Amino acid sequence: MSTEPPIVSIAEISRHEGEVVTLRGWLYNSTTKGKLCFLQLRDGTGIIQCVLFKKDVEIETFDLAKNLTQESSVIVTGEVRADERSPIGFELGVRDLSLVSMAEPYPISPKEHGVEFLMDHRHLWLRSRRQHAIMRVRAEIVSAIRDYLDGHGFVLIDAPILTPAACEGTSTLFETGYFGQNAFLTQSGQLYQEAGCMAHGKCYCFGPTFRAEKSKTRRHLTEFWMVEPEAAFMDLDEDMELVEDFVMAILDRVLERRREELETLERDVSKLEAVARPFSRMSYDEAVETLKKADQPAEWGDDFGGDEETILASTHTSPVIIHRFPAAIKAFYMKRDPDNEKVVLGMDVLAPEGYGEIVGGGVREDDLASLERAIEKHGLPGEVFSWYTDLRRYGSVPHAGFGLGLERTVAWICGLKHVRETIPFPRLINRLGP
RNA sequence: UCCGGCGUAGCUCAAUCGGUAGAGCGGGUGGCUGUUAACCACUAGGUUGGCGGUUCAAGUCCGUCCGCCGGAGCCA
């Protein structure tokens with residue numbers, strides 16, 4: 001009386017050496033050598049080569065193996081054998097093979113494809129090795145973010161996605177209707193976190209954010225994910241310490257758990273391992289001086305573009321924190337530096353290797369009169385911000401926080417040129433599908 | 001929105017000075033007992049992005065529209 005072989009995943013195949021097991025998955029690639037057939041089987045946890053000799057299996061089984069199309073779904077039973085020639089150290093000696101579904105001719109061949117074609121087939125592209133690795137790193141980063149904040153006393157306070165007005169006056173918002181009135185997709189949950197931190201001390205939100213800017217660069221998506229911690233009684237120095245600790249925790253976690261994926265992506269891991277605290281702190285004034293020395297046409301009062309960010313970060317192997325920007329180029333809610341009224345207590349974190357700004361944050365204006373002046377000066381509708389100014393009426397305290405862009409962080413850690421590959425289904429200025 | 005580049009087979013690309021549209025991959029058929037993007041042979045596959053113009057002749061030159069890529073601005 002024989003028992004059914006256990007169903008196992010490729011990731012745990014090494015625990016079953018010498019045993020007969022059943023794998024369920026999709027045909028990644030195959031090749032035949034006459035009376036010998038190799039099937040590369042993918043199950044989501046890994047890829048293993050399955051080998052069939054014509055003499056060892058039923059003729060129907062061999063014919064099926066020979067005729068399987070790329071990405072056909074199958075159930076395979078066979079013996080797990082150690083083999084030096086295998087990239088994962090094992091292969092499966094097939095005894096039985098059954099078809100779940102024969103795939104139609106698969107559009108994505110193992111050869112090169114253009115970005116547009118691949119993006120049109122994003123739902124299928126996600127199955128490929130590189131995209132699979134990127135999504136796993138992304139998931140690990142998300143998990144590290146949640147674990148860090150949950151473990152450091154930050155309470156998850158979800159911010160709304162539908163909002164009545166801009167969080168920051170300047171950026172373009174996606175507009176939609178809401179039972180006869182105008183509504184907008186959120187471009188930041190921060191204002192709501194300020195309410196949250198007055199209730200919980202420390203809180204965060206982590207969700208999608210929308211910007212209708214017509215940006216066409218490797219750093220921009222119209223829909224992206226941002227994590228935004230906020231803490232009452234936190235000052236700028238503490239904010240910078242928090243972001244440093246936070247980024248290091250994310251990086252350490254990926255290096256600890258996603259080495260294999262980084263290898264698949266051919267990421268130079270030594271560059272990530274070289275990242276160490278403390279991150280350099282550089283004031284905006286110093287940054288402008290640095291740029292001038294590098295013969296950049298930087299003037300005090302200008303915001304930094306991509307090239308400037310790259311220059312500022314290029315002399316460092318770790319992220320660089322730039323702080324105290326001119327008030328005129330920053331959002332209305334930022335608190336002025338009491339030592340210099342021309343600048344605000346804000347900070348940006350620039351990732352190394354030219355990945356640019358991954359974090360923006362700082363101390364929020366906690367004085368009611370100053371905040372109301374700023375709202376008016378930015379031409380924002382005071383009525384829709386009355387709840388926000390209320391936070392300064394009822395027990396206002398100094399507080400600070402930041403927002404970290406998930407996709408830019410994923411791009412940096414994975415070493416990707418463009419953020420469009422860091423999110424499962426990217427939304428770009430000229431892409432809404434699939 | 002602005003600047004630059006590109007658009008040829010399902011995919012990635014080639015086509016000399018304006019002169020018979022081609023290759024590799026993928027598909028199909030056959031061969032092969034150790035392949036790793038296998039290889040070999042045969043085979044099918046085209047309104048050269050659309051419209052208009054110049055010319056004996058346009059994939060190639062001109063105009064225009066559409067689409068994509070890269071960059072700028074703005075930002076995470």
Side-chain angles (χ1 to χ4, degrees), chain A residues 28-40 47-56 62 66-67 69-71 81 83-88 91 93 103-121 124-125 128-129 167-173 186-190 206-228 243 302-309 329-331 348-351 355-361 402-412 417-420 422-423 428-431:
Chain A
Y28 193 72
N29 200 3
S30 70
T31 182
T32 65
K33 290 271 304 172
K35 292 172 180 140
L36 175 59
C37 183
F38 298 103
L39 305 177
Q40 306 294 331
I47 297 175
I48 192 170
Q49 173 160 277
C50 305
V51 188
L52 290 91
F53 286 98
K54 195 171 187 176
K55 63 178 172 53
D56 293 345
F62 193 78
K66 233 173 46 178
N67 293 317
T69 52
Q70 191 187 351
E71 288 301 322
R81 297 190 299 237
D83 193 305
E84 283 180 0
R85 290 165 292 193
S86 162
I88 62 166
E91 63 178 24
E104 292 176 25
Y106 196 63
I108 303 177
S109 70
K111 290 269 180 173
E112 301 168 41
H113 296 282
V115 180
E116 190 192 0
F117 176 81
L118 289 169
M119 275 300 175
D120 284 342
H121 297 84
L124 303 177
W125 190 20
S128 72
R129 267 194 172 98
C167 293
E168 306 173 30
T170 53
S171 302
T172 324
L173 292 163
T186 184
Q187 60 177 343
S188 167
Q190 181 214 310
F206 192 5
T209 301
F210 306 87
R211 304 272 167 97
E213 288 150 0
K214 296 196 171 174
S215 300
K216 264 193 78 174
T217 81
R218 65 185 67 182
R219 307 205 244 265
H220 288 86
L221 297 165
T222 54
E223 177 182 310
F224 64 98
W225 284 62
M226 189 153 67
V227 56
E228 298 176 276
V243 78
D302 295 346
D303 210 347
F304 303 135
D307 290 347
E308 279 95 356
E309 287 181 355
I329 58 169
K330 288 291 174 182
D348 285 356
V349 178
L350 306 183
Y355 282 95
E357 186 181 347
I358 54 169
V359 171
F402 62 81
L404 175 135
L406 177 62
E407 287 73 19
R408 288 185 181 180
T409 304
V410 175
W412 165 45
K417 284 201 199 86
H418 202 300
V419 292
R420 66 188 161 208
T422 66
I423 187 166
L428 298 153
I429 180 169
N430 44 19
R431 176 169 296 279

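Computed from a predicted model, the values in this text were never measured in an experiment. Within every chain, numbering begins at 1; the chains are lettered A, B, ... in the order of the sequence lines, protein sequences first and strands thereafter.
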Opposite nucleotide pairing with G34(B), Watson-Crick or G-U, both atom distances under 3.5 Å
none
Is the phosphate of U35(B) approached by Lys33(A) (side-chain N or O, under 4.0 Å from OP1 or OP2)?
no
C1' spacing across the pair U60(B) / A14(B), given as an integer number of angstrom:
13 Å
Tell me which nucleotide, if any, is Watson-Crick or G-U wobble paired with A9(B) when both distances must be under 3.5 Å.
none
Spacing of the P atoms in U20(B) and A58(B) (rounded, Å):
12 Å
Among the nucleotides U35(B), A76(B), C74(B), which one has an atom lying closest to any side-chain atom of Arg408(A)?
A76(B)
Students often get this wrong, so: under 4.0 angstrom with heavy atoms, is His121(A) touching a base, only sugar-phosphate, or nothing?
nothing
Length of the CZ-P vector between Phe38(A) and U36(B), whole Å:
9 Å
Check whether any side-chain N or O of Arg81(A) sits under 4.0 Å from OP1 or OP2 of G34(B), and answer yes or no.
no
Is Asn29(A) close enough to A38(B) that one of its side-chain N or O atoms is under 4.0 Å from OP1 or OP2 there?
yes
How far, in whole Å, is C11(B) from A37(B) if one measures between their C1' atoms?
14 Å
G26(B) and A38(B): how far apart are their C1' atoms, nearest whole angstrom?
15 Å
Check ring-ring contact (aromatic ring centres under 6.0 Å, His included) between Phe117(A) and all other residues, then give those that pass, not counting sequence neighbours.
His113(A), His121(A)
Would you say Phe224(A) stacks on A76(B), if stacking means ring centres under 5.5 Å apart and planes within less than 30 degrees?
yes
Among the nucleotides C11(B), G71(B), C68(B), whichever has the atom closest to the side chain of Arg218(A) is G71(B)
Same-atom distance (C1') from G59(B) to U16(B), integer angstrom:
14 Å
Is a donor on one side and an acceptor on the other found under 3.5 Å between the side chain of Glu407(A) and the backbone of Arg420(A)?
no
Taking only the P atom of each, what is the distance from C69(B) to U12(B) in whole angstrom?
13 Å
In whole angstrom, give me the gap between the C1' atoms of A23(B) and C17(B).
23 Å
Same-atom distance (C1') from U33(B) to G67(B), integer angstrom
49 Å
In whole angstroms, the gap separating C1' of C75(B) from CG of Leu173(A) amounts to 13 Å
